[in-house]
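Take a look at the structure set out below.
Just so it is clear, the structure is predicted and the values come from calculations on it, not from any experiment.
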Amino acid sequence: MKKISMISAVFLFGLFILTGCGANNTSPNDTEATTTSVSSADTHAVSTQNEQKTTENRNTSALISREKASEIALAKVKGAKKNDLRIHKDFEDGKEVYEGSIVFQDVEYDFEIDAHTGEILEWEQESVFDD
């Protein structure tokens, strides 16, 4: 009987040592890394869901017409007419946009307009004589 008790005690002691004395094996850094990883994954999931909702909203909202985008751009250059304007619809950075240029009185204006909101996203101008 003593032999069985001694074997059991040695077995339990060995098991106790192998399992880390019954304590939690994760270090504080492991716990923090796991928490950060979960938080980062959750943040990414929420971000992805928000991007999908934005895309869905953009897909279901009406686009402004090419004519309306032309009016928005021409309103920024006093005196410019439709024959001074070049414009086309494009897809930039996940957005539908109207891109174009106006050349008027020796100045070239390049622009990008959000095709859903009509907001001017980019506007640049330079002399036609600049290289």
Side-chain angles (χ1 to χ4, degrees):
M1 187 72 173
K2 278 184 167 180
K3 201 172 192 179
I4 293 175
S5 292
M6 186 62 131
I7 292 173
S8 294
V10 170
F11 176 76
L12 288 175
F13 180 75
L15 187 61
F16 187 71
I17 295 295
L18 289 174
T19 60
C21 301
N24 188 352
N25 281 347
T26 59
S27 69
N29 291 339
D30 291 343
T31 304
E32 289 171 14
T34 302
T35 303
T36 302
S37 177
V38 170
S39 296
S40 177
D42 290 344
T43 301
H44 178 70
V46 169
S47 176
T48 302
Q49 289 171 350
N50 288 341
E51 288 172 13
Q52 289 172 344
K53 287 180 183 177
T54 300
T55 301
E56 289 169 7
N57 289 342
R58 287 183 180 273
N59 290 341
T60 58
S61 68
L63 294 174
I64 64 170
S65 67
R66 180 178 171 176
E67 190 68 29
K68 180 64 177 171
S70 298
E71 290 172 11
I72 292 167
L74 287 170
K76 296 261 306 172
V77 183
K78 301 296 182 221
K81 305 288 182 211
K82 284 185 180 183
N83 60 339
D84 301 316
L85 172 76
R86 300 290 177 261
I87 190 169
H88 65 276
K89 190 162 55 167
D90 200 0
F91 198 74
E92 292 284 330
D93 300 324
K95 296 180 183 179
E96 286 179 280
V97 297
Y98 287 101
E99 279 187 352
S101 64
I102 299 170
V103 178
F104 182 69
Q105 295 182 346
D106 298 329
V107 177
E108 181 177 9
Y109 305 86
D110 293 314
F111 59 86
E112 190 172 283
I113 297 174
D114 188 302
H116 293 273
T117 66
E119 176 187 359
I120 296 173
L121 303 172
E122 290 182 24
W123 186 268
E124 297 176 4
Q125 66 186 60
E126 68 180 359
S127 170
V128 294
F129 301 112
D130 290 344
D131 286 325

Between [X] and [Y], which heavy-atom pair has the shortest distance, and what is it?
{"X": "Ile72", "Y": "Gly118", "value": "CD1-O, 3.5 Å"}
{"X": "Thr117", "Y": "Asp114", "value": "N-OD1, 3.0 Å"}
{"X": "Ala73", "Y": "Ile102", "value": "O-CD1, 3.6 Å"}

Fit a plane to each ring of Trp123 and Tyr109, take the angle between them on a 0 to 90° scale, and name the class: parallel (under 30°), tilted (30 to 60°) or perpendicular (over 60°). tilted
Does a sphere of radius 6.0 Å around CG in Asn83 hold more than 12 heavy atoms from other residues, nucleotides or ligands, not counting ones at 6.0 Å or beyond? yes
How far does [atom1] of [X] sit from [atom2] of [Y], to the nearest 0.5 angstrom?
{"X": "Lys76", "Y": "Glu71", "atom1": "NZ", "atom2": "CD", "answer": "16.0 Å"}
{"X": "Lys95", "Y": "Glu112", "atom1": "NZ", "atom2": "CD", "answer": "8.0 Å"}
{"X": "Glu96", "Y": "Asp90", "atom1": "CD", "atom2": "CG", "answer": "10.0 Å"}
{"X": "Phe129", "Y": "Glu108", "atom1": "CZ", "atom2": "CD", "answer": "12.0 Å"}
{"X": "Asp106", "Y": "Glu126", "atom1": "CG", "atom2": "CD", "answer": "12.5 Å"}
{"X": "Leu121", "Y": "Glu92", "atom1": "CG", "atom2": "CD", "answer": "10.0 Å"}

Check: [Y] and [X] side chains under 4.5 Å, non-hydrogen atoms:
{"X": "Lys82", "Y": "Glu67", "answer": "yes"}
{"X": "Lys89", "Y": "Leu63", "answer": "yes"}
{"X": "Ile113", "Y": "Ile120", "answer": "yes"}
{"X": "Leu74", "Y": "Phe104", "answer": "no"}

For the side chain of Tyr98 and the backbone of Ile64, is there at least one donor-acceptor N/O pair under 3.5 Å apart? yes
If you group Ile, Leu, Val, Met, Phe, Trp and Tyr by side-chain heavy-atom gaps below 4.5 Å, do Val77 and Val107 land in one group? yes
